[in-house]
Amino acid sequence: MKIKVMAFASFREILGKELDLDIVGEATASGVLAILAVRNKRFKEAAFDESGQIKDYVLLMINRKRIDPRQDLSTRLHDGDELAVFPPVAGG
Amino acid sequence: MKIKVMAFASFREILGKELDLDIVGEATASGVLAILAVRNKRFKEAAFDESGQIKDYVLLMINRKRIDPRQDLSTRLHDGDELAVFPPVAGG
Amino acid sequence: MLTIEITNEDFSLDELVRKAKRKDAGALVTFLGTVRDDGIERMELEAFREAALPELERIRDEAAAKFNLLSVEVVHRVGSLAVGENIVAIVCAAAHRDEAFRGCRYIIEELKARVPVWKKELSKNGERWVGHE
Amino acid sequence: MLTIEITNEDFSLDELVRKAKRKDAGALVTFLGTVRDDGIERMELEAFREAALPELERIRDEAAAKFNLLSVEVVHRVGSLAVGENIVAIVCAAAHRDEAFRGCRYIIEELKARVPVWKKELSKNGERWVGHE
């Protein structure tokens with residue numbers, strides 16, 4: 001199953017703009033974040049606190065819709081889905 | 001004594017933009033308005049009500065400073081003074 | 001730096017904004033008043049220029065002090081204007097947007113209440129001075 | 001009629017206002033955000049374009065409905081910008097000024113809170129993403 005990860009701002013600097021992950025079996029948002037943390041120590045430090053919780057400032061979108069990192073991390077992902085990871089927005 | 005009267009908007013259409021009045025003896029704002037009313041019936045109808053009071057919507061400036069038509073009509077005018085007569089402003 | 005103009009000529013917002021820009025300004029708010037078609041064909045604008053300019057200067061100074069404006073540009077047109085034409089532009093620059101919005105709003109409200117300028121609407125049915133009883 | 005753009009290119013307010021003008025509009029309020037010099041040299045702007053455009057469209061539609069806006073133009077720049085350069089412009093046209101002011105304010109507030117765009121400030125002392133913890 002292919003999942004596209006998109007990262008922006010500080011997370012883009014750590015992860016790159018786009019990553020294509022090939023995941024065996026079922027995939028969830030938290031599962032993808034865990035894979036990213038294993039592969040990239042800087043991402044782990046930027047996105048997770050010491051107890052392994054996602055930090056409050058990390059924002060997530062699945063297929064361009066915001067998800068709540070406190071409730072929706074177990075959301076099931078499907079082949080071709082896109083998970084976006086970014087810090088708080090600051091435009092304008 | 002020379003008094004310059006300036007009129008704007010609907011009052012300009014009645015009185016013209018500028019009039020130079022030559023007044024003998026003392027002059028007050030109300031005195032100048034009375035002279036204008038005598039000389040110009042349309043001005044009298046536009047500016048005064050039936051009891052001879054200045055209508056509420058008439059605005060006055062002496063030397064480009066607003067005066068209150070309820071209190072300051074007896075203000076003494078001096079040679080070279082300028083009295084402006086106009087309706088409520090509506091710019092912008 | 002702080003320009004106020006009453007003019008027959010049209011103006012460019014790009015030009016006004018260029019004059020209003022400051023390095024320490026992060027927000028510029030512009031109000032543009034135009035001749036609205038509510039059944040009219042033209043509008044004639046008349047000003048008591050010698051009284052209007054100092055009144056606009058007072059309003060600008062009040063707004064600059066109240067809202068920490070870094071610069072203000074005001075242009076008000078007089079003469080005969082067709083539907084859609086520009087009547088007035090106010091550009092306020094400030095460090096932050098709240099100040100720029102509030103300063104710009106203050107200036108247009110005070111301008112409408114205090115500055116000796118008058119409008120006459122001309123339609124097929126005749127003409128009418130705006131704001132009369 | 002209602003244009004939304006995320007672009008590397010600079011823009012002209014005169015051009016945006018020309019597009020926003022309506023015969024039944026008497027008031028156009030413009031917000032222009034610029035790179036403010038608070039010790040920085042440049043700013044880099046980055047957008048998640050595919051998510052930002054639909055979010056801007058939702059904000060525009062909300063504002064148009066809430067404040068009876070007759071037209072809205074929004075341009076947001078991305079890329080590397082120097083101090084004083086334009087970042088964002090929002091033009092709102094309405095029949096009356098209260099609606100135009102409130103609509104424009106609504107759009108910039110919601111844009112800053114909701115639209116996936118990020119700024120990095122570059123100064124002599126290094127670089128910093130704006131809005132981080």
Side-chain angles (χ1 to χ4, degrees), chain B residues 2-20 29 32-33 36 40 42-70 72 75 77-78 80-92, chain C residues 4-7 30-36 40 43-60 74-79 81 85-90 104-122 126-133:
Chain B
K2 306 251 186 230
I3 300 296
K4 177 156 115 177
V5 175
M6 299 187 78
F8 295 96
S10 52
F11 289 119
R12 175 186 50 74
E13 291 180 338
I14 294 171
L15 293 171
K17 188 163 169 52
E18 284 190 30
L19 278 94
D20 287 307
V32 171
L33 294 171
L36 294 172
N40 188 317
R42 281 176 67 209
F43 178 73
K44 185 180 171 192
E45 285 167 358
F48 291 88
D49 65 20
E50 284 165 20
S51 71
Q53 291 279 354
I54 284 278
K55 287 185 184 170
D56 278 348
Y57 86 108
V58 180
L59 303 180
L60 300 168
M61 278 186 181
I62 295 174
N63 300 331
R64 297 161 200 177
K65 286 223 173 93
R66 280 282 296 278
I67 64 164
D68 182 340
R70 284 152 200 254
D72 306 330
T75 301
L77 297 175
H78 303 92
D81 277 358
E82 173 193 283
L83 177 70
V85 187
F86 51 81
V89 305
Chain C
I4 287 179
E5 215 181 340
I6 295 178
T7 173
T30 300
F31 176 78
L32 176 66
T34 57
V35 180
R36 182 163 47 95
I40 68 166
M43 187 170 267
E44 279 173 14
L45 282 120
E46 175 177 335
F48 181 6
R49 183 185 297 265
E50 300 82 354
L53 285 171
E55 191 68 33
L56 279 170
E57 282 167 13
R58 279 189 288 275
I59 293 169
R60 173 200 67 191
V74 179
V75 187
H76 202 301
R77 288 177 75 190
V78 289
L81 301 178
E85 279 200 84
N86 297 333
I87 300 171
V88 63
I90 299 162
C104 191
R105 185 76 195 251
Y106 179 85
I107 293 175
I108 184 62
E109 298 300 332
E110 296 299 309
L111 185 158
K112 283 180 178 272
R114 292 162 50 183
V115 175
V117 175
W118 299 270
K119 284 174 183 167
K120 188 161 75 168
E121 295 178 346
L122 292 88
E127 39 184 72
R128 185 183 80 91
W129 285 99
V130 180
H132 276 47
E133 37 171 16

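Numbered from 1 within each chain, the chains take letters A, B, ... in sequence-line order. We use all heavy atoms of the structure for the numbers below, so side chains are in, but hydrogens, waters and symmetry mates are not.
The contact between C:Val117 and chain B is made by backbone and side chain atoms together, counting heavy-atom distances below 4.5 Å. Contact annotation for C:Arg77: neither backbone nor side-chain heavy atoms come within less than 4.5 Å of a heavy atom of chain B. B:Arg66 does not touch chain C: none of its heavy atoms, backbone or side chain, sits under 4.5 Å away. Heavy-atom distances place no part of C:Glu110 under 4.5 Å from chain B, backbone and side chain included. If you measure heavy-atom distances from C:Lys112 to chain B, the contacts under 4.5 Å come from both the backbone and the side chain. When heavy atoms are compared at a cutoff of 4.5 Å, C:Ala52 does not approach chain B at all. For a residue to count as touching a neighbouring chain, one of its non-hydrogen atoms must lie under 4.5 Å from one of that chain's; by this rule C:Glu46 touches chain B with the side chain only. When heavy atoms are compared at a cutoff of 4.5 Å, C:Ala113 approaches chain B solely by way of its backbone atoms N, CA, C and O.
One distance of note links CZ of C:Arg36 with CD1 of C:Ile87; it measures 9.5 Å at 0.5 Å rounding. Remark: B:Leu59 CG to B:Phe8 CZ distance equals 12.0 Å, nearest 0.5 Å. How far CZ of C:Phe48 is from CG of C:Leu53: 11.0 Å, rounded to the nearest 0.5 Å.
For B:Arg42 against B:Ile14, the heavy-atom pair with the smallest separation is NH2-CG1, 3.6 Å.
Partners of B:Lys2 under the salt bridge (charged side-chain N to carboxylate O under 4.0 Å, His left out) rule, at least two apart in sequence or in another chain, are B:Asp22.
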Identify each donor-acceptor pair in which a side-chain atom of residues 80-92 of chain B lies under 3.5 Å from a protein atom, sequence neighbours left out, and give them as a table.
| residue | atom | partner | partner atom | Å |
| --- | --- | --- | --- | --- |
| B:Asp81 | OD1 | B:Asn63 | ND2 | 3.1 |
| B:Asp81 | OD2 | B:His78 | N | 2.7 |
| B:Glu82 | OE1 | B:Arg64 | NH2 | 3.2 |
| B:Glu82 | OE2 | B:Arg64 | NE | 3.3 |

**OP:** Could you walk me through whether C:Lys120 and B:Glu13 pass salt bridge (Lys or Arg N to Asp or Glu O under 4.0 Å), step by step?
**Re:** CA-CA 12 Å; C:Lys120 188 161 75 168; B:Glu13 291 180 338; 2.4 Å; yes
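For the options C:His76, C:Glu44, C:Lys119, heavy-atom pairs under 4.5 Å to chain B are most numerous at C:Lys119.
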